[in-house]
Number of protein chains: 4
Amino acid sequence: MLASVPGRPTFKRLPRAVREQQMLDAAVRVFSRRGFHEASMDEIADEAGISKPMVYAYLGSKDDLFRACVNREGTRLLESIVAVVADDLPADEQLWRGLRGFFGFVGAHRDGWAVLYRQARSGQPYDLATLRTRIVEVVAGMLRSAVESQSRQARDEDLTASAYALVGAAESIADWLADHPEADPDRSAARLMNFSWLGARQLLQGELWQPSSA
Amino acid sequence: MLASVPGRPTFKRLPRAVREQQMLDAAVRVFSRRGFHEASMDEIADEAGISKPMVYAYLGSKDDLFRACVNREGTRLLESIVAVVADDLPADEQLWRGLRGFFGFVGAHRDGWAVLYRQARSGQPYDLATLRTRIVEVVAGMLRSAVESQSRQARDEDLTASAYALVGAAESIADWLADHPEADPDRSAARLMNFSWLGARQLLQGELWQPSSA
Amino acid sequence: MLASVPGRPTFKRLPRAVREQQMLDAAVRVFSRRGFHEASMDEIADEAGISKPMVYAYLGSKDDLFRACVNREGTRLLESIVAVVADDLPADEQLWRGLRGFFGFVGAHRDGWAVLYRQARSGQPYDLATLRTRIVEVVAGMLRSAVESQSRQARDEDLTASAYALVGAAESIADWLADHPEADPDRSAARLMNFSWLGARQLLQGELWQPSSA
Amino acid sequence: MLASVPGRPTFKRLPRAVREQQMLDAAVRVFSRRGFHEASMDEIADEAGISKPMVYAYLGSKDDLFRACVNREGTRLLESIVAVVADDLPADEQLWRGLRGFFGFVGAHRDGWAVLYRQARSGQPYDLATLRTRIVEVVAGMLRSAVESQSRQARDEDLTASAYALVGAAESIADWLADHPEADPDRSAARLMNFSWLGARQLLQGELWQPSSA
DNA sequence: CATGAATGAGAATTCATTCAT
DNA sequence: AATGAATGAATTCTCATTCAT
């Protein structure tokens with residue numbers, strides 16, 4: 001009966017893998033707009049078009065569910081970056097590509113970003129700390145190899161601090177991007193590239209960084 | 001009645017203003033270590049050494065209380081920055097002073113910083129968004145005046161983006177600082193100054209920014 | 001269909017009676033270790049190696065299932081006793097055989113005993129009350145016929161009380177036995193026989209204990 | 001207003017100690033008639049004429065509450081026995097008094113007995129196991145001293161078994177008593193005394209029953 | 001001023017039970 | 001015959017908030 005109504009998909013008796021993704025989608029949306037604590041399992045189940053016990057059966061407790069969201073979105077984010085970065089490129093090109101990947105993800109998955117950045121941060125130390133640390137380390141590594149390619153020395157602490165600064169700057173702009181749906185992710189990437197690569201002084205003097213490709 | 005019983009110490013009937021500060025101190029500590037939702041009014045009252053009804057009588061609901069915390073700490077933070085910045089200084093000097101003020105506050109008020117940054121973010125739209133926007137605007141204004149002093153034009157959006165980047169970078173490093181009590185705030189300020197003022201390229205080439213004063 | 005796929009073992013399509021016994025075995029084990037309420041239908045189905053709907057199809061609701069367990073174990077227990085008692089034996093011999101049968105069952109079916117005694121007791125008025133009453137009546141009858149064989153009178157209430165005492169004593173020792181797998185059931189039977197028979201004999205002979213005071 | 005209605009006691013704002021006893025009374029009644037698992041905190045709160053949060057505030061979780069019930073009733077039971085037993089009396093007199101104390105408690109606190117015996121048994125190992133063991137040990141000690149007063153030897157295991165039998169018999173009769181409000185506790189005590197003492201006396205005198213066959 | 005006593009409302013979680021395939 | 005998918009209905013427990021003293 002229901003199935004015969006055109007345009008209204010039957011939501012019944014789907015295989016587990018499909019349902020799990022639906023649930024995760026719903027959970028990401030709800031966590032994104034409410035935050036971890038304000039989100040209720042009831043609302044998530046509703047949003048997924050399913051009853052609460054199914055959520056528990058498939059994805060466990062609220063904590064488990066949240067972790068699963070963070071993991072999925074975190075993995076996607078990492079992949080968005082890793083997919084476009086190639087080790088043998090010059091440092092600025094790598095940074096540029098990394099930023100485009102990053103802002104591209106944020107623009108395309110605003111809810112996922114909100115869960116990762118706004119929600120996961122404040123609470124219990126989910127794997128997010130790990131994820132962020134990993135990103136920071138990747139960036140730090142990138143900087144280090146760039147430095148070494150110039151036969152220079154740099155204190156590790158300084159590199160790490162720069163990486164933190166860079167990641168924080170990216171997050172901050174991503175946050176603004178997530179709240180401005182009309183904004184262009186690539187443009188955000190370019191702006192941050194200029195700021196971080198050239199520095200405020202250069203910017204103030206009107207200098208601009210230009211992508212060598214594309 | 002009770003107070004008149006000899007040998008029984010009179011309960012301190014402190015003036016309202018003092019009590020309120022005690023409560024806010026307690027609330028900031030508790031919100032800082034638990035987060036908004038995990039913090040219970042019971043724990044806050046306990047920490048303040050008073051009974052719950054007093055908290056409600058003086059500071060209103062939990063939301064009100066949290067807002068009061070954010071306001072007080074936010075104001076202090078702004079003051080830490082404003083106090084050291086003078087409009088007629090060159091841009092780099094202003095930035096340098098602003099960063100020192102900022103990291104100084106974070107180092108001295110780790111709990112306050114945690115409430116402002118980690119907790120207030122995730123949830124309800126408290127005045128924090130406002131506070132952050134105000135800081136961003138201050139920084140953007142600083143950049144604009146610097147640009148204009150060079151008789152140049154710059155698109156407002158670009159300036160804003162740079163301000164966001166700068167604030168985000170500062171927050172990120174502040175966050176790291178809050179978790180490393182042994183770290184030196186001034187050193188953090190210097191690192192970020194280098195990064196943001198000179199840019200990654202300059203840094204990679206070994207250039208360094210030097211404070212003209214102090 | 002599935003069964004016709006070569007190389008894929010045919011799922012055992014066991015006859016209903018066999019399946020039911022498997023389920024009851026599993027249920028007795030689970031009820032024994034968890035108690036009625038803590039036992040979940042999931043765990044029982046798991047233990048039986050079948051899916052839940054089968055349990056419902058064959059044995060009905062959880063209550064039904066529990067009743068079925070109690071019935072089966074209760075019947076076995078009664079049979080263990082009845083099988084060895086013969087009406088024409090002297091009273092002490094009957095009691096001795098009855099106790100041996102009883103403790104023999106407990107030693108051999110610890111799970112069954114636990115279900116009967118520990119679990120069924122606390123809750124709903126299953127047939128257990130009936131079972132116990134039946135046992136008490138059997139014992140009371142045994143005592144009565146012994147008395148009458150001595151041409152004596154005894155108040156029915158006193159006989160019933162003695163039967164209760166005897167059954168309670170047996171249960172108490174059985175309980176201890178169920179927790180001590182190394183203990184010898186026959187030895188327990190002999191101990192209780194000594195305790196109860198020497199008393200019962202005096203009673204049967206009309207002797208009475210009198211309080212020295214009051 | 002409410003307080004002025006005669007015959008309708010005001011149930012409001014009682015001191016903690018009073019409320020706790022009311023709650024325990026209610027809990028014992030509900031646990032007694034429903035069993036641990038079937039009893040809901042809602043029903044207990046209702047029965048106590050109070051809201052659930054108060055129960056949690058004063059007595060903790062459902063487990064804690066149950067433990068508190070068992071403790072209170074167990075203590076009362078022990079006191080009922082200890083109060084009337086005096087070490088320097090002859091063994092039979094001690095046993096007689098102990099039984100009267102025991103059955104007196106059961107007759108006067110049927111609900112308490114039900115909680116102790118029927119409910120606490122089946123579930124988690126609350127202190128009840130301890131309580132019962134303690135009682136068994138007391139009885140065993142009583143028997144041992146009686147034996148030794150006759151300069152005889154007895155194997156400890158046999159004494160323990162007799163104690164178990166005695167306690168089990170008492171519980172069994174108590175159970176019957178709890179279901180027959182019109183019955184006289186003292187009469188039950190006398191019946192069990194007869195049954196057990198006449199047996200115990202023979203035992204104490206070294207008599208043994210021997211199986212005629214096997 | 002100050003507080004112990006009290007609660008309404010809602011949250012997570014579980015479980016017996018049934019459908020649709 | 002057999003099962004994975006699905007849920008209604010409880011249940012325990014917590015918390016912000018308010019009286020009555």
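Every chain is numbered from 1, with letters handed out A, B, ... down the list of sequences.
Between D/Phe31 and D/Val70, every side-chain heavy-atom pair lies at or beyond the 4.5 Å cut-off. Side chains of B/Glu38 and B/Arg33 form no contact here, defined as non-hydrogen atoms less than 4.5 Å apart. Counting only heavy atoms from C-beta outward, the side chains of D/Arg16 and D/Arg19 never approach each other to under 4.5 Å.
The CG-C1' distance, from B/Asp46 to E/dT3, rounds to 13 Å in whole Å. Rounded to whole angstrom, the span from the CG atom of A/Leu65 across to the P atom of E/dT13 amounts to 10 Å. E/dA16 atom C1' lies 15 Å from atom CG of C/Leu59, rounded to whole Å. Here F/dA10 presents its C1' atom at 14 Å from CZ of D/Arg34, a figure rounded to the nearest Å. Remark: P of F/dG4 and CD of A/Glu20 are 15 Å apart, rounded to the nearest angstrom.
For C/Met54, taking side-chain heavy atoms from C-beta onward, the closest of the listed nucleotides F/dA2, E/dA2, E/dT7 is F/dA2.
With a cut-off of 3.5 Å on both pairing distances, the Watson-Crick and G-U wobble pairs of DNA chain E assemble into stems of 3 or more at E:2-21 with F:2-21.
Applying the side chain to side chain contact (heavy atoms under 4.5 Å, CB included) test to D/Ser61 and every residue at least two apart in sequence or in another chain returns D/Asp63, D/Asp64. The salt bridge (charged side-chain N to carboxylate O under 4.0 Å, His left out) search around B/Arg110 returns none, not counting sequence neighbours. Remark: C/Asp25 engages C/Arg72 in a salt bridge (charged side-chain N to carboxylate O under 4.0 Å, His left out) (not counting sequence neighbours).
Regarding contacts with the backbone of F/dA1, every side-chain N or O of C/Arg16 stays at 4.0 angstrom or more from both OP1 and OP2. Phosphate contact (OP1/OP2 of F/dA5, side-chain N/O of A/Tyr58, threshold under 4.0 Å): present. Put simply, B/Arg19 has no side-chain N or O that comes within less than 4.0 Å of OP1 or OP2 on E/dC1.
Here the straight-line distance linking atom CE of C/Met41 with atom CD of C/Glu43 works out to 12.0 Å at 0.5 Å rounding.
Judged by the 6.0 Å distance and 45° axis criteria, B/Lys62 is positioned over the aromatic ring of B/Phe36.
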Taking distance alone, no hydrogens or angles, what donor-acceptor pairs closer than 3.5 Å link side-chain atoms of residues 52-60 of chain B to residues at least two apart or in another chain?
residue	atom	partner	partner atom	Å
B/Lys52	NZ	B/Asp42	OD2	3.3

*Spell out protein contact along nucleotides 16-21 of chain F as letters: B when the base is contacted, S when just the sugar-phosphate is, - when no protein heavy atom is under 4.0 Å; keep the 5' to 3' order.*
SBBBB-
